[in-house]
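Protein chains get the first letters and strands the later ones, always in sequence-line order, with residue 1 at the start of each.
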Amino acid sequence: MTRYTPAEIEARWQAAWARDEIFKAVRSADKPKYYVLEMFPYPSGRIHMGHVRNYTMGDVIARYKLATGHNVLHPMGWDAFGMPAENAAMAIGGHPKDWTYGNIEDMRDQMKPLGLSIDWSREFATCDPEYYGQQQALFLDFLEAGLVYRKNAQVNWDPVDMTVLANEQVIDGKGWRSGAEVERRELTQWFFKISDMAGELKDALEGLENWPAKVRLMQENWIGESRGIEIPFERTDGGGTILCYSTRPDTMRGASFIAVSPDHPVSKALEGSNPELTAFIEDCRKMDTTEAAMEKAEKKGIDTGLRVKHPVYESVELPVWIGNFVLMDYGTGAVFGCPAHDQRDLDFARKYDLPVRNAFYMPGGETEVGTEALVPAKTEKVVYIDHFAGLGETTSQDGIDATIDYFEANDLGKGQTKYRLRDWGLSRQRYWGCPIPVVHCDDCGVVPEKKENLPIELPYDVSFDVPGNPLDRHPTWRDTACPTCGKPAKRETDTMDTFVDSSWYFARFTAPDAETPTSMEDAAYWMNVDQYIGGIEHAILHLLYSRFFARAMRITGHLPQGTEEPFDALFTQGMVTHEIYMTRDERGRPVYHLPDDIHWTESGARLGADGPMVEVVPSAKMSKSKKNVVDPVNIISAYGADTARWFVLSDSPPERDVEWTAAGAEAAFKHLTRVWNLCDRIGAMGKDAKGEGDEDLLRAMHSCIHDVTMGIESFGFNAAIAKLYAFTATLQKSKASHAAQREAVMTLAQLMSPMTPHLAEDIWAHQGGQGLIATAPWPKADQAMLVSDTVTLPVQVNGKRRAEITVPTDLPKEEVEKAALADQAVIRTLDGASPKKIIVVPGRIVNVVV
RNA sequence: GCCCGCGUGGUGGAAUGGUAGACACAGGAGACUUAAAAUCUCCAGGCGGAAACGCCGUGCCGGUUCGAGUCCGGCCGCGGGUACCA
């Protein structure tokens, strides 16, 4: 008897796959193509369990598609630009480029032993000049097509470090390194005009049938289409009008104030005129720029002293307030407040003693609004009071529509469809990103770089010992000639948001060496991605940006028609989570520790055997910043890749988060050893050995083929594996003939091959299979072997299970009813009562209702 | 705050509106063994009962249905996103 030695088996078969180049993707007309892609990793330095889970799932699909006769494209690359590389350079010295490429080397070395069916010849990193140079070409084409523009926008500014901070670097309103109170500062920045496509991006969601409904819903809400109206309110001081946007113009009667954003032109004009008001606006500027911070902050305001006329009730004047809760980016940056029918407005009105006036009541009751605003569903009927357009009892939705019509007819306002989606700011004041290929010329202004000068490469000789963007203070890099007039000019020092890098890499994979961003021939053949797999945390931004990019690339001639939605099917896997271990430094800030460094003692978790106690924070997504990561390399070296792969697939449903625990890998290894031993035993049988129960074994086999195939197709990997466990047990106990057992074990190996490809190859070879199992045709379930003659039905009385009957599968309903009523347990439960109704669901259940 | 999910034994989880707890981990008992490991067999939601069996049970409250873990409404808890983390 031989032993299961994964290290040896896995190396051997990986070499065999490489030798035959079976994973190399080549265009071919004789097979249907299948493009499977997992979201590419950020090269943090170590692969973690989330990666193993993600890439193993993709690999199962890729290998299954290969076995079912597809021409598979399954590439891998690196999302290599980003902040952590600069942070590492600041923290430990070194260069972001060296750090990143070193990490890529390490991670590739850790990933390759997993035996993924990847075409490594297509690998690239987004920080390769060959990639980001093409990205710069795309930028120039987008610019020419009017898809990119510049405008002012606010950033988090650290006044001590004199640098722009990412939201993640702002902790409780303070800079993470300096501890200084962060201010908002306005900079001129580059934007993609994604808002122009808002309606289309929303409408097209409906066609994404193979996307999770939750992702489509999240995107729809994010785009946030709303039908409303823009209403100009005339200032009483003759200073013009203030344009307000409202989705509830039907509540106009209840309007009791106007609120404008602190960034609104009205606010800016008043700033400095009055110390109190100036202080208020300055205070608003200290708030984080994040939506969450603004929404959670206490709602505050200040009366500007300005007044506007109510557009309908002309005798009414409304005060104009500045409100810290009004966003300049949404609508017109000004709203009218109707406290009776909006909770936020009501809280605001109660706080500042503003009037609360109903625009409607619920039918049958004129109740006054207290601390809760009256906000019924739009489909509910309400009774409008003294409505200018003559509305009485109707739904809010009808009220809104009628009001918009009335306002438009009387030239009081204009109906508008607006979106919450804002344009995509792509400028970053950082070094480690794709340089924006434009030049600032004193005479010609902002000038696009010439394509022949691409790539505009990052300089290597930079330092991170002082805060700020090293490109800004580089002695010569900025100096260039204006592409238009040739005079000395300065390069743009902003680099691109890393989301740009990941918004088109899937297209680049179809022709990674092309001299242009894409090759139309290759894109036409390989696009779209048939199955995209990645974390749910990317449900909105990455996927929405990629959808925008696909459209923009279509418009600029970089992708063929039909690629506007680049991902035909999407699967969002859950995250791998782990407890977080934390101590605090002398300033009370958290310091995180790796699970490997934690020692569990009777008194709790310690850092090292006698070290300080560690605070255990509940499980969260494994992330480098929280250090709650587990190293899969240990598991691979202890048990082999097949065990690691089997384990991550078997333990929980792929879309759900999984809490990592060390237990379980051992069990997976034991099972694979059992399968190995089984193959060994069958191999040792006499070729002509007869036995009993061939039919039963083959029936179980066909049922397993069916269930595993369905499981793989529906991402039910854990359920598929449960079936494989059961079938293995059946085969282990089987006394069938050698021929039947050999067929069974070879089929078992095939069904396992997407999950444990190395072990499967070995069993296949051991049993004398032809060629590689990876390219052997996928087994088909014989329908005739799946049906049985009899079926066991549970019998319920009033919905509670009381008995079981076994009847012929094709027994007519009336006969099933008779059989159920004849059952002793049913008779006992009925206790003489006569059934009112009997429900027979063929093949499933019988329910007797009394 | 807002948007989107999730919640089932000691644990991970299974279950087209149709027998809740498949499969596995941890646990218990047994076989083999001088012994241990390994392997194999069996038990195992809770309460009551010798057993047959009965009652309860899928975060909480209510509803729809012959029948609800699954659908609907309202809560609670946890997680993801919240536009400069990727």
Once you apply a heavy-atom cut-off of 4.0 Å, does A/Gln429 come out as touching a base, just sugar-phosphate, or nothing? base

With both distances under 3.5 Å as the test, what is the Watson-Crick or G-U wobble partner of B/G30? B/C40

Pairwise C1' distance, B/U19 and B/U70 [rounded to whole Å]: 15 Å

Pairing partner (Watson-Crick or G-U wobble, both distances under 3.5 angstrom) of B/U82: B/G1

Of the listed nucleotides B/U19, B/G12, B/G54, the one nearest the side chain of A/Arg802: B/G54

Using a heavy-atom cut-off of under 4.0 Å over every strand shown, decide if A/Val155 touches base, sugar-phosphate, or nothing. base

Quick one: label A/Lys733 by what it contacts on the DNA or RNA (base, sugar-phosphate, nothing), any heavy atom closer than 4.0 Å. sugar-phosphate

If anything within 90° of 0 is syn and all else is anti, what is B/G9? syn

Ignoring hydrogens and angles, are the base of B/G5 and the side chain of A/Glu655 linked by a donor-acceptor pair under 3.5 Å? no

Would you indicate which nucleotide in B/C4, B/A83, B/U39 comes nearest to any side-chain atom of A/Leu541? B/A83

Whether A/Asn718 contacts B/A14 is assessed here as follows: a side-chain N or O lying under 4.0 Å from the phosphate OP1 or OP2. Is that the case? yes

Looking at the base of B/C3, is there any donor atom on it, or on the side chain of A/Asn221, that sits under 3.5 Å from an acceptor on the other one? no

Evaluate A/Leu187 against A/Asn152 for side chain to side chain contact (heavy atoms under 4.5 Å, CB included), listing each step before the verdict. CA-CA 5 Å; A/Leu187 294 179; A/Asn152 286 353; over 6 Å; no

Distance, nearest 0.5 Å, that separates CZ of A/Arg802 from CD of A/Gln796: 10.0 Å

Can you check the distance between B/U65 and B/G18, where both ends of the measurement are the C1' atom (answer in whole Å)? 12 Å

In the structure shown, which nucleotide is the Watson-Crick or G-U wobble counterpart of B/G12, with both distances under 3.5 Å? B/C23

May I ask you to say whether A/Asp423 pairs ionically with A/Lys193, meaning some side-chain N is under 4.0 Å from a carboxylate O? no

OP1, OP2 of B/G80 versus side-chain N and O of A/Arg656: anything below 4.0 Å? no

Could you tell me whether A/Leu421 contacts a base, only the sugar-phosphate backbone, or nothing, with contacts defined as non-hydrogen atoms closer than 4.0 Å? base

Please check the phosphate of B/A15 (OP1 and OP2 only) for any side-chain N or O of A/Lys723 closer than 4.0 Å. no

C1'-based separation of B/C3 from B/A83 [nearest Å]: 13 Å

Gap in Å between the two P atoms, one belonging to B/C43 and one to B/U8, rounded: 26 Å

Expressed in whole Å, how much space separates the C1' atoms belonging to B/U16 and B/G12? 24 Å

For B/A35, which nucleotide in any strand shown is its Watson-Crick or wobble partner with both distances under 3.5 Å? none

Does a salt bridge link A/Arg285 with A/Glu186, judged by any charged N lying under 4.0 Å from a carboxylate O? no

Charged N-O contact under 4.0 Å between A/Lys351 and A/Glu298: yes

Give me the distance, rounded to whole Å, that separates B/C32 from B/A36 when you measure between the C1' atoms they each carry. 13 Å

Tell which nucleotide pairs with B/G18, taking only Watson-Crick or G-U wobble pairs whose two distances are both under 3.5 angstrom. B/C66

If we take the P atom in both B/U58 and B/G21, what is their distance in whole Å? 14 Å

Can you find a heavy atom in the side chain of A/Asp342 that is under 4.5 Å from one in the side chain of A/Val375? no

Taking atom P in both B/G27 and B/U11, compute the distance separating them and give it to the nearest angstrom. 15 Å

If you look at every strand shown and take non-hydrogen atoms under 4.0 Å, does A/Ser650 touch a base, only sugar-phosphate, or nothing? nothing

Can a side chain N or O of A/Thr498 be found less than 4.0 Å away from OP1 or OP2 on B/A86? yes

